[in-house]
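To start, the structure under review is shown below, and the notes come after it.
FYI, side chains are in, hydrogens and waters are out, and symmetry mates aren't considered; it's all heavy atoms of this structure.
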Amino acid sequence: MEYTLTPLAATLPLLHAAKHHASTLNGVFLGVPSAPSSSSSSSSSSVQITHAVPLLHHYTSLSPMMEIGLEMVYAHAAERGLDVVGYYQANEVGGGLGRVGERVVDKLRARHSGAFGLVINNERILSEQPYDVPPGVKLTLPGLHLRALLDADVHLGLGDFDDHLEDVRVDWIGNPAVTAAVEGRQ
C-alpha cells in the first residue's frame with residue numbers, strides 16, 4: 001500500500017510530539033483512499049493523507065477516552081468524505097507501536113483494511129524521515145519546515161483530545177491556528 005502525506009498531515013503529528021516530548025502520545029491520519037488501478041496487474045492502491053488529528057498524551061491506552069475520541073474523529077471524517085486511514089504514536093521510552101498501538105491499528109483496520117501505524121522517532125524528529133515506517137508500507141513525505149514552526153512556538157498552540165477534556169474551547173480536531181501556520185509555511 002502506498003501513502004502520500006500532505007505537508008499538514010506530515011507536520012501535525014511532529015508538532016504534537018514536540019509539544020509533549022516527555023510523554024507517550026498518539027493520533028490518527030485522515031485520508032482519501034483510491035481504488036486499485038485496473039490497468040495494473042498488482043492490487044496496490046494509494047491513499048492521499050490530508051490531515052492528522054492529535055488524540056491523547058495522558059490516556060494513551062485503549063481507554064474510554066480513546067474510544068470516545070476515535071468516534072468523534074470518525075464522525076468528523078465522515079462529514080468530510082474522509083476515512084481514518086492510519087495511526088501515529090510517539091513513545092516516551094522505547095520504540096515500536098507496542099501492544100496498545102497494535103490493537104488500535106487492528107481496530108482501525110476493522111473499518112479500513114489498509115490502515116497502518118507509524119511511530120515518530122523522537123531522535124530523528126527534525127530529519128527528512130522522522131517516522132519509523134513498517135514493512136510493506138510505502139510512505140511519501142513532503143518537504144517539511146518543522147524547525148521554523150518550532151522556532152515560532154507553533155507547537156505550543158496545538159491541542160489534542162486530552163487538552164479538549166481540560167478546556168472544551170480547544171479545537172483539537174481542526175487546530176485552526178496551527179493549521180494556518182503550517183499551511184502558511186508551505
Begin with the C-alpha distance, continue with both residues' side-chain angles, and end with the deciding distance and a verdict on side-chain contact (heavy atoms from CB on, under 4.5 Å) for Leu141 and Glu128. CA-CA 8 Å; Leu141 292 173; Glu128 290 181 24; over 6 Å; no

Would the distance check show the side chain of Ser63 and the main-chain N or O of Met65 forming a donor-acceptor pair, the cut-off being under 3.5 Å? yes

In terms of heavy-atom contacts, Leu30 and Ala77 come closest through CD2-CB, 4.1 Å

Do Asn122 and His21 have side-chain heavy atoms sitting under 4.5 Å apart? no

Quick one: pull up CG in Leu82 and CD1 in Ile49 and give me the separation to the nearest 0.5 Å. 11.0 Å

Least distance between heavy atoms, Val105 atom then Ala115 atom: CG1-O, 4.2 Å

Is the backbone of Ser46 close enough, under 3.5 Å, to the side chain of Thr4 for a donor and an acceptor to pair up by distance? no

Between the side chain of Asn91 and the main-chain N/O of Gly96, is any donor-acceptor distance below 3.5 Å? yes

Could you tell me the separation between the NZ atom of Lys19 and the CG atom of Asp163, rounded to the nearest 0.5 Å? 4.5 Å

Glu166 CD: over 12 foreign heavy atoms closer than 6.0 Å: yes

Is there a side-chain contact between Ile68 and Phe161 in this structure, where contact means two heavy atoms from C-beta onward sitting under 4.5 Å apart? yes

Centres of the Tyr131 and Tyr88 rings: under 6.0 Å? no

As an exercise, state the distance from CG of Leu14 to CZ of Arg124, rounded to the nearest 0.5 Å. 11.0 Å

As a quick check of understanding, evaluate side-chain contact (heavy atoms from CB on, under 4.5 Å) for Val133 and Phe116, giving each step before the final call. CA-CA 9 Å; Val133 182; Phe116 66 98; over 6 Å; no

In plain terms, say whether Arg103 and Asp106 are close enough for a salt bridge, that is, a side-chain N and a carboxylate O under 4.0 Å apart. no

Determine, stepwise, if the pair Leu25 / Asp160 fulfils side-chain contact (heavy atoms from CB on, under 4.5 Å). CA-CA 10 Å; Leu25 58 90; Asp160 62 14; 5.6 Å; no

Look at the rings of His20 and His57 and say which category their plane angle falls in: under 30° parallel, 30 to 60° tilted, over 60° perpendicular. parallel

Reported CG-to-CD1 distance for the pair Leu144 and Ile125, which is rounded to 0.5 angstrom: 10.5 Å

NE2 (His145) and CG (Asp151) are apart, to the nearest 0.5 Å, by 13.5 Å

Hey, does the side chain of His112 reach the backbone of Gly86 with a donor-acceptor pair shorter than 3.5 angstrom? no

Parallel, tilted or perpendicular: which describes the rings of His164 and Trp172, with under 30° parallel and over 60° perpendicular? tilted

Taking C-beta and beyond as the side chain, do Leu97 and Tyr87 meet within less than 4.5 Å on heavy atoms? yes

Which heavy atom in Val85 sits nearest to a heavy atom in Gly31, and how many Å separate them? CG2-N, 3.8 Å

Is Glu71 salt-bridged to Arg111, going by a charged N under 4.0 Å from an acidic O? yes

So, Asp153 side chain and Leu156 main chain: donor-acceptor pair closer than 3.5 Å or not? no

When every non-hydrogen atom of Val182 is compared with those of Pro7, the smallest separation belongs to CG1-O, 4.2 Å

Between Thr24 and Glu92 (side chain of the first, backbone of the second, donor and acceptor by atom type, cut-off under 3.5 Å), is there such a pair? yes

Shortest non-hydrogen contact from Ala90 toward Ile120: CB-CB, 4.0 Å

Of all the heavy-atom pairs spanning Leu15 and His155, show the shortest one and how long it is. O-CB, 3.5 Å

Can you check whether Asp83 reaches Val47 side chain to side chain, under 4.5 Å on heavy atoms? no

Report the distance from atom CG of Leu5 to atom OG1 of Thr11, rounding to the nearest 0.5 Å. 9.0 Å

